[in-house]
Amino acid sequence: MVIAATCGVDAITILDSRHPEIAGVVTDVRLGVGPNGWEVSWRARELQPDIPVVYASGDSAAEWPLYGVPKSIMVPKPYGTSQMLTAISSVLISSTP
């Protein structure tokens, strides 16, 4: 199941209320007003320290080493469906004990 959020505030609200059922986070870095994708991932990792995270960005890929959570993946825009599926699969596999 995919749970969509329209902004960073919504994403954090969803994480706070539904984190036990969330298997991973895919977020753009730029989410408009409010928390950005970095902040969403930080909150996700506070709630679930090993949750897989995939970032997407057209202009923030260079910031990933500074702000991205460990063992996450950055997918630069524009990307193809297969690139995103590969990234999601990679973080899910690497997080499996």
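Heavy atoms only: backbone and side chains are in, while hydrogens, waters and symmetry mates are out.
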Colleague: Mind listing the side-chain donor-acceptor pairs of residues 81-93 below 3.5 Å, one per line with the distance, residues two or more places apart or on another chain?
Modeller:
| unit_1 | atom_1 | unit_2 | atom_2 | d |
| --- | --- | --- | --- | --- |
| Q83 | OE1 | G80 | N | 2.7 |
| T86 | OG1 | S82 | O | 2.8 |
| S89 | OG | L85 | O | 2.9 |
| S90 | OG | T86 | O | 2.9 |

Colleague: What's in the same ILVMFWY side-chain cluster as L15, cut-off under 4.5 Å, chained through other members?
Modeller: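 Grouped by the 4.5 Å side-chain rule, M1, I3, I12, I14, I22, V25, V29, L31, W38, V40, W42, L47, I51, V53, Y55, W64, L66, Y67, V69, M74 form the rest of the cluster around L15.
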
Colleague: How far apart are the closest heavy atoms of S95 and P52, and which atoms are they?
Modeller: OG-CG, 3.3 Å

Colleague: Show me the pairs that pass salt bridge (Lys or Arg N to Asp or Glu O under 4.0 Å) and involve residues 47-61, at least two apart or across chains.
Modeller: R30-D59

Colleague: Who pairs with R43 by salt bridge (charged side-chain N to carboxylate O under 4.0 Å, His left out), at least two apart in sequence or on another chain?
Modeller: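 Scan of R43 (salt bridge (charged side-chain N to carboxylate O under 4.0 Å, His left out), adjacent residues dropped) gives D16, E46.
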
Colleague: Just by distance, do the side chain of Q48 and the backbone of R45 share a donor-acceptor pair under 3.5 Å?
Modeller: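 No; judged by distance alone, with no hydrogens or angles, the pair does not exist.
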
Colleague: Which pairs, with at least one residue in residues 60-82 and sequence neighbours excluded, count as a salt bridge (Lys or Arg N to Asp or Glu O under 4.0 Å)?
Modeller: D28-K77

